[in-house]
A.B. asks: 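One structure is given below, represented as C-alpha cells, and several questions about it will come after.
Note that these values count all heavy atoms, side chains included, but never hydrogens, waters or copies made by symmetry.
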Amino acid sequence: MDRGILSYERAAKIQHHSVALQPVQDRRDQKQVPGGLKLHQYANLYFHARNPMLFKRLAEAPNLCVLRVSTRVLELEGAVISDQNAASDYVRFLHPRQWQLLDFDAIYAMDWRHQNDPVAYYRHSSQKCAEVLVPQCVETRYLNGAYVVDDAVKAGIDALGLALPVTTNSVLFFR
C-alpha cells in the first residue's frame, strides 16, 4: 500500500515475494512495446484475474488477493492495452482509446479450455491474459479494493487495517 503496483523492473529493487512465473518473465524481459518502454518497465494489470496465470497458482490462493483497480488508469500518460498476454508472439499493443478492438467475451469467459482444439485453446488462453500496461507504477489512489478466496483470508486482510474494501469471491479463484 505504500508503493502501489510496481513494474517488474521497480519491484526487483525491493525485497518481495513474487508470484510471477519465471519462463513468462524471461519472455517478457525480451519484449518492448512499439513506440514505448520495455515490457518490464510497465506495471501490468490483467483485465480479468480469472485467467491461466491465477489458475497455475491455485494452491497459493489463501496467500493471494486480487486488487481491483480503477479504469482511470487507462487515462494515464503512456498507458497501453494489449489484446492478449503482452508476452505473446501475436499480441497487438493498442492505445486505450482502441479498447473496442478487444474481445471482451473471450477475456471475461469463465473458461478458456477448448477440448480437442489446441489452436483455440492457445489463442483463448492468451486472450484471457489481456493487459493494461501502466508506465512504472500504479499509485495506490487507483486501488478500489481486493478480492480474496474465502472469509478466513478476508478476516486476515481486514485485520491489517488496509483502507480498501475486501470482498470474498471464491469463483475468481476457481473454487
A.B. asks: If we count only N and O atoms by modelled type, under 3.5 Å, do the side chains of Asp26 and Gln30 hold a donor and an acceptor together?
C.D. replies: no

A.B. asks: Between Pro135 and Glu77, is any pair of side-chain heavy atoms under 4.5 Å apart?
C.D. replies: no

A.B. asks: On a heavy-atom basis, which atom in Lys128 and which in Ala109 lie closest, and how many Å separate them?
C.D. replies: NZ-O, 2.6 Å

A.B. asks: Is there a path of hydrophobic side-chain contacts, each under 4.5 Å between heavy atoms, that joins Leu164 and Val138?
C.D. replies: yes

A.B. asks: When the ring planes of Phe47 and Phe104 are compared, do they come out parallel, tilted or perpendicular, using 30° and 60° as the limits?
C.D. replies: perpendicular

A.B. asks: If we ignore hydrogens and angles and just use 3.5 Å, is the side chain of Ser126 paired with the main-chain N or O of Arg123 as donor and acceptor?
C.D. replies: no

A.B. asks: Please step through side chain to side chain contact (heavy atoms under 4.5 Å, CB included) for the pair Val19 and Met53, ending with a clear verdict.
C.D. replies: CA-CA 9 Å; Val19 295; Met53 190 276 187; 3.7 Å; yes

A.B. asks: Restricting to non-hydrogen atoms, name the atom on Ser82 and the atom on Ala130 that form the minimum distance, rounded to 0.1 Å.
C.D. replies: O-CB, 3.3 Å

A.B. asks: If the threshold is 4.0 Å, N to carboxylate O, is there a salt bridge linking Arg97 and Glu75?
C.D. replies: no

A.B. asks: Would you find more than 12 non-hydrogen atoms of other residues, nucleotides or ligands less than 6.0 Å from Gln115 atom CD?
C.D. replies: no

A.B. asks: Does the His124 side chain pair with the main chain of Ala106, one donor and one acceptor, at a distance under 3.5 Å?
C.D. replies: yes

A.B. asks: Under 4.5 Å between side-chain heavy atoms, hopping through other hydrophobics if needed: is there a path connecting Val132 to Leu37?
C.D. replies: no

A.B. asks: To the nearest 0.5 Å, what is the distance between CD on Glu9 and SG on Cys137?
C.D. replies: 13.0 Å

A.B. asks: Would you say the side-chain atoms of Glu60 pair up with the backbone N or O of Leu64, donor to acceptor, closer than 3.5 Å?
C.D. replies: no

A.B. asks: Under the rule for ring pair (Phe, Tyr, Trp, His ring centres under 6.0 Å), what residues qualify as partners of Tyr108, not counting sequence neighbours?
C.D. replies: His48

A.B. asks: Let's go through Gln136 and Leu6 carefully: what are the C-alpha distance in whole Å and the side-chain angles of both, what is the deciding distance for side chain to side chain contact (heavy atoms under 4.5 Å, CB included) to 0.1 Å, and is it a yes or a no?
C.D. replies: CA-CA 6 Å; Gln136 305 303 339; Leu6 303 178; over 6 Å; no

A.B. asks: Is there a side-chain contact between Phe174 and Arg50, using heavy atoms and a 4.5 Å cut-off?
C.D. replies: yes

A.B. asks: Supply the atom-to-atom distance Leu172 CG to Met110 CE, rounded to the nearest 0.5 angstrom.
C.D. replies: 8.5 Å

A.B. asks: More than 12 heavy atoms of other residues, nucleotides or ligands under 6.0 Å from NZ of Lys31: yes or no?
C.D. replies: yes

A.B. asks: Side chains of Tyr42 and Val80: closer than 4.5 Å at any heavy-atom pair?
C.D. replies: yes

A.B. asks: Would you check if the side chain of His40 reaches a backbone N or O of Lys38 as a donor-acceptor pair within less than 3.5 Å?
C.D. replies: no

A.B. asks: Flag this pair as yes if the NZ/CZ of Arg113 is under 6.0 angstrom from the six-membered ring centre of Phe55 and inside a 45 degree cone about the axis; otherwise no.
C.D. replies: yes

A.B. asks: Quick check on the hydrophobic clustering: are Phe173 and Ile107 connected, directly or via other members, by side-chain heavy-atom contacts under 4.5 Å?
C.D. replies: yes

A.B. asks: Arg68 and Thr167: side-chain donor and acceptor closer than 3.5 Å?
C.D. replies: yes

A.B. asks: To the nearest 0.5 Å, what is the distance between CD1 (Ile81) and CD (Glu131)?
C.D. replies: 11.5 Å

A.B. asks: List, one per line, each side-chain donor-acceptor pair under 3.5 Å for residues 142-152, sequence neighbours excluded.
C.D. replies:
{"residue": "Asp150", "atom": "OD1", "partner": "Ala152", "partner atom": "N", "Å": "3.2"}
{"residue": "Asp150", "atom": "OD1", "partner": "Val153", "partner atom": "N", "Å": "2.9"}
{"residue": "Asp151", "atom": "OD1", "partner": "Thr168", "partner atom": "OG1", "Å": "3.0"}

A.B. asks: Between Arg92 and Leu101, what is the shortest heavy-atom contact and its length?
C.D. replies: NH2-O, 3.5 Å

A.B. asks: When clusters are formed by joining ILVMFWY residues with side-chain heavy atoms under 4.5 Å apart, either directly or through shared neighbours, do Leu67 and Leu76 land in the same one?
C.D. replies: yes

A.B. asks: Is it the case that the side chain of Ser7 and the backbone of Arg10 share a donor-acceptor pair, with hydrogens and angles ignored and the cut-off at 3.5 Å?
C.D. replies: yes

A.B. asks: Step by step, work out the side chain to side chain contact (heavy atoms under 4.5 Å, CB included) result for Asp83 and Asp103.
C.D. replies: CA-CA 8 Å; Asp83 65 343; Asp103 184 347; over 6 Å; no

A.B. asks: Which atom pair, heavy atoms only, marks the closest approach of Ala20 to Arg57?
C.D. replies: O-NH2, 3.2 Å

A.B. asks: I need the minimum non-hydrogen distance between Arg175 and Pro62, along with the two atoms involved.
C.D. replies: NH2-CD, 4.3 Å

A.B. asks: Tell me whether the count of non-hydrogen atoms from other residues, nucleotides or ligands lying under 6.0 Å of CZ in Arg3 goes above 12.
C.D. replies: no

A.B. asks: When you compare the side chain of Val33 with that of Leu133, does any pair of heavy atoms fall below 4.5 Å?
C.D. replies: yes

A.B. asks: If you round to the nearest 0.5 Å, how far is CD of Gln127 from CG of Asn51?
C.D. replies: 12.5 Å

A.B. asks: If hydrophobic clusters are built from ILVMFWY residues whose side chains come within less than 4.5 Å, do Leu102 and Tyr90 share one?
C.D. replies: no

A.B. asks: Rounded to the nearest 0.5 Å, what's the gap from OG on Ser18 to CD on Gln25? Could you check?
C.D. replies: 6.5 Å

A.B. asks: In Å and rounded to the nearest 0.5 Å, what is the CG to NE2 distance from Asn63 to His17?
C.D. replies: 7.5 Å

A.B. asks: Is there side-chain contact between Asp89 and Arg27, with at least one heavy-atom pair below 4.5 Å?
C.D. replies: yes

